Amino acid sequence: MVKLRLKRCGRKQRAIYRIVAIDVRSRREGRDLRKVGFYDPIKNQIYLNVPAILYFLEKGAQPTGTVHDISKKAGVFTELRFNQQTKFN
């Protein structure tokens, strides 16, 4: 199973996180399938590759709680619902 989770980068006391698609059995710093975003909690900056995130969500990837909250703020799930409605209509 694939999860969308945070991968810690940066130096001590200056954490920066990459949002990655990664296998559940891998550790936090393990090899990722694809980098799909970036999150800097200090500067409160977020960059998301929305088409890549939507691709993994449609394939059944599960976001962790924090990634879910970040994606929700960016409006990814509304776009996912819109894409699913257009497929069925």
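Since we're looking at a predicted model, the values are computed, not measured.
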In a table with atom names and distances, give each donor-acceptor pair under 3.5 Å that connects a side chain of residues 6-20 to protein atoms at least two apart or in another chain.
{"from": "Lys7", "atom 1": "NZ", "to": "Gly30", "atom 2": "O", "distance (Å)": "3.0"}
{"from": "Lys7", "atom 1": "NZ", "to": "Asp32", "atom 2": "OD2", "distance (Å)": "3.0"}

Next item on the list: Enter the distance from Tyr55:OH to Arg34:CZ here, rounded to the nearest 0.5 Å.
Entry: 9.0 Å
Checklist line | By salt bridge (charged side-chain N to carboxylate O under 4.0 Å, His left out) - contacts of Asp23 (at least two apart) | finding: Arg25
Next item on the list: Identify whether Val76 and Ile22 are in the same connected component of the hydrophobic contact network (ILVMFWY, side-chain heavy atoms under 4.5 Å).
Entry: no
Distance-only donor-acceptor hits, side chain of residues 60-69, under 3.5 Å, sequence neighbours excluded:
none

Next item on the list: Check whether any side-chain heavy atom of Phe77 lies under 4.5 Å from a side-chain heavy atom of Leu57, and answer yes or no.
Entry: yes
Donor-acceptor list for residues 45-52 side chains, cut-off 3.5 Å, not counting sequence neighbours:
none

Checklist line | Connected-component partners of Met1 among ILVMFWY, side-chain separation under 4.5 Å | finding: Val24
Note to self: Check for me, please, whether Phe38 and Leu54 land in the same ILVMFWY cluster - side-chain distances under 4.5 Å, paths through other members count.
What the structure shows: no
